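One structure is given below, encoded as structure tokens.
Given the structure is predicted, the values throughout are model-derived calculations rather than measurements. Residue numbers start from 1 in every chain, and the chains themselves are labelled A, B, ... in the order their sequence lines are given, proteins ahead of strands.
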Amino acid sequence: MAMQPEAIGQNLLDWYAAHQRRLPWRETSDPWAIWISEVMLQQTQVATAIPYYHRFMHRFPTPRHLAGANVQEVLKLWEGLGYYSRARHLHRAAGVVVSRYHGQVPDDPAIFRTLPGVGDYIAAAVLSIAFGRVIAVVDGNVKRVLARLFELEHPVNRSGSHKFFQPLADRLITPHQPADFNQAMMELGALVCRPKNPDCGHCPLFGLCRANRNRTTADYPRRDAARKRPHRHLAIGVIVKEDKLLVVQRPMDGFLGGLWEFPAIPAMPGENADRAIETELADEIGLRIGMDRLLTRIRHAYTHFTLSADVYLCRYLSGRIRLKRAQSHRWVTFRSLQRLPLHKANHKFLEDLKNVLGKG
DNA sequence: AAATCGTGGAC
DNA sequence: TGTCCAAGATT
């Protein structure tokens with residue numbers, strides 16, 4: 001493969017110096033700030049992460065601030081950003097940094113890489129950008145750029161492809177400017193070598209790119225076909241007891257771990273709602289409840305399945321809480337709901353709920 | 001090594 | 001509407 005690493009690196013660095021965006025985490029060299037930004041940017045677009053980054057850094061300016069906080073508060077700041085294990089891992093990692101490394105972010109790859117939530121990408125990004133270590137990042141942008149540059153046949157969404165892309169990126173990285181090279185590759189992928197409608201006319205690697213020369217940019221990167229996503233349906237119960245509503249907290253590990261929600265059970269779309277709510281949902285939380293009426297229906301798309309749910313207004317009848325799956329519960333007013341981290345599917349009917357409760 | 005894990009933007 | 005996919009990590 002005709003690589004010309006020197007030409008690629010120099011063109012890339014020149015382009016980056018002229019065209020890089022001004023981003024909050026580029027105004028600092030604090031490894032903690034860089035780390036936070038990289039975790040938030042994981043599978044998340046820059047524009048989405050920016051307001052979260054500011055709020056998080058303001059509340060947790062150092063690992064010590066985060067380590068001393070309650071997970072609940074951390075999840076509340078993460079609410080809406082998704083992939084909540086990132087927040088829980090970060091919280092745990094901050095604890096390790098404080099207890100074992102005197103609150104200083106480790107600059108040793110072998111050590112930093114062992115922290116919860118730190119994989120190959122985060123380690124390479126933080127250590128190169130904050131400490132100048134010569135380790136190439138390989139993210140979705142880098143794989144797309146390389147796949148087009150060299151017309152690579154490795155599917156970028158296949159886990160086994162990583163061990164092909166990583167050494168290739170390591171061979172291209174400019175040893176004197178690893179931080180700029182890494183960010184330049186990602187910036188190029190984000191601004192020029194985009195997934196759709198790449199702007200090859202303004203690409204610094206125009207003359208070096210095989211896909212451009214062969215008019216095959218649309219064929220790269222290769223990708224394994226995605227599986228079809230299944231569909232799930234829930235019955236959700238908003239259980240009212242005087243002026244309070246019942247919410248439960250999901251188990252800390254797994255899907256939406258640690259977040260709060262209104263109790264729900266799997267259901268069939270056409271199922272008899274009264275029966276399902278008053279037997280199965282009641283059994284899930286250990287109460288006797290009555291179903292009043294349908295509040296609304298919601299739909300939500302997750303990565304691996306789509307969700308639809310019927311949301312029912314219910315009334316508490318009798319009994320003491322006995323939770324099956326949830327780890328804890330609270331009776332809360334509508335107002336105090338906003339203090340708890342709720343996931344998106346629940347936020348989707350809060351307005352409807354507010355209107356109904358407001359009318360008495 | 002394939003599956004799992006959220007949400008929003010772009011088309 | 002559906003589909004991709006976005007500065008990935010974990011199991």
Side-chain angles (χ1 to χ4, degrees), chain A residues 20-21 23-26 34-53 75 78-90 92-93 112-130 135-145 155-163 165-166 169 179 181-191 193-197 218 221 223-231 250-259 261 299-307 341-348:
Chain A
Q20 64 172 288
R21 290 170 292 180
L23 300 173
W25 42 86
R26 288 184 179 159
I34 307 290
W35 184 3
I36 299 304
S37 74
E38 294 300 344
V39 174
M40 286 187 171
L41 287 165
Q42 183 184 336
Q43 301 290 279
T44 304
Q45 295 186 175
V46 165
T48 303
I50 287 177
Y52 284 89
Y53 172 81
L75 286 172
W78 209 270
E79 179 184 46
L81 201 51
Y83 286 144
Y84 299 96
S85 65
R86 294 183 294 177
R88 301 192 307 268
H89 285 150
L90 210 40
R92 272 205 293 144
F112 187 65
R113 178 67 177 75
T114 66
L115 296 173
V118 177
D120 288 342
Y121 169 79
I122 300 271
V126 173
L127 295 176
S128 68
I129 296 171
I135 312 170
V137 298
V138 177
D139 74 331
N141 290 303
V142 173
K143 283 188 282 191
R144 184 171 58 257
V145 169
V156 291
N157 61 341
R158 186 184 298 177
S159 52
S161 298
H162 180 76
K163 60 180 186 295
F165 284 102
Q166 182 70 60
F181 176 88
N182 280 337
Q183 293 180 88
M185 285 289 279
M186 297 189 283
E187 195 80 334
L188 186 70
L191 300 182
C193 197
R194 300 172 296 227
K196 292 167 185 171
N197 306 316
R223 167 173 293 277
D224 283 337
R227 287 181 317 147
K228 207 178 96 175
R229 289 183 300 186
H231 186 269
R250 300 178 61 90
M252 200 53 77
D253 290 319
F255 190 56
L256 301 170
L259 274 71
E261 64 186 6
R299 305 180 63 79
H300 191 65
Y302 294 104
T303 304
H304 289 283
F305 65 96
T306 56
L307 177 74
L342 293 186
H343 53 89
K344 182 66 179 173
N346 274 224
H347 275 287
K348 282 187 170 178

For this session: Determine the Euclidean distance between corresponding C1' atoms of dG8(C) and dA1(B); express it in Å to zero decimal places.
Result: 16 Å
For this session: Would you please test Glu187(A) and Arg26(A) for salt bridge (charged side-chain N to carboxylate O under 4.0 Å, His left out) and show each step?
Result: CA-CA 12 Å; Glu187(A) 195 80 334; Arg26(A) 288 184 179 159; 3.1 Å; yes
Exercise. For atom P, what is the distance between dA7(C) and dT4(B), given to the nearest Å?
Worked result: 24 Å
For this session: Assign each of Asp224(A) and Leu81(A) to its nearest nucleotide of DNA chain B by heavy atoms, then name whichever residue's nucleotide is nearer the 5' end.
Result: Asp224(A)
For this session: Under 4.0 Å from any heavy atom of chain A: name the first and the last nucleotide of DNA chain B that qualifies, 5' to 3'.
Result: dA1(B) to dG9(B)
For this session: Could you tell me whether a side-chain N or O of Trp78(A) sits under 3.5 Å from a main-chain N or O of Gly82(A), the two making a donor and an acceptor?
Result: yes
Problem set entry | Sole candidate of Ile135(A), Ile34(A), Ile122(A) that passes side chain to side chain contact (heavy atoms under 4.5 Å, CB included) when paired with Leu127(A) | Ile135(A)
Exercise. Do His347(A) and Glu79(A) pass the side-chain hydrogen bond (donor to acceptor under 3.5 Å, both in side chains) test, and can you show the C-alpha distance, the side-chain angles, and the key distance before you say yes or no?
Worked result: CA-CA 11 Å; His347(A) 275 287; Glu79(A) 179 184 46; 3.0 Å; yes
Seminar exercise, completed: Expected list for residues 250-257 of chain A near DNA chain B, using heavy atoms below 4.0 Å, is Phe255(A), Leu256(A)
Exercise. With sequence neighbours left out, which residue pairs that include part of residues 39-53 of chain A fulfil the salt bridge (charged side-chain N to carboxylate O under 4.0 Å, His left out) condition?
Worked result: none
Exercise. Taking the same atom, P, in dG8(B) and in dA9(C), what whole-Å distance lies between them?
Worked result: 22 Å
Exercise. Which atom pair, heavy atoms only, marks the closest approach of Pro155(A) to Ser161(A)?
Worked result: O-OG, 2.5 Å
Seminar exercise, completed: When Arg158(A) and Gly80(A) are each assigned the nearest nucleotide of DNA chain B, the 5'-most assignment goes to Arg158(A)
Problem set entry | side chain to side chain contact (heavy atoms under 4.5 Å, CB included) partners of Gln45(A), counting only residues at least two apart | Thr48(A)
Exercise. Excluding sequence neighbours, so at least two apart, what forms ring-ring contact (aromatic ring centres under 6.0 Å, His included) with Tyr53(A)?
Worked result: Trp25(A)
Exercise. Any side-chain donor-acceptor pair under 3.5 Å between His300(A) and Lys348(A)?
Worked result: yes
Seminar exercise, completed: 5' to 3', nucleotides 4-11 of chain C under a 4.0 Å protein heavy-atom cut-off (B base, S sugar-phosphate only, - none) gives SSBBBSS-
Exercise. Quick check: does any side chain N or O of Arg113(A) sit under 3.5 Å from a backbone N or O of Ala123(A), one acting as donor and the other as acceptor?
Worked result: no
Exercise. Going by heavy atoms in the side chains, are Met40(A) and Leu81(A) under 4.5 Å from each other?
Worked result: yes
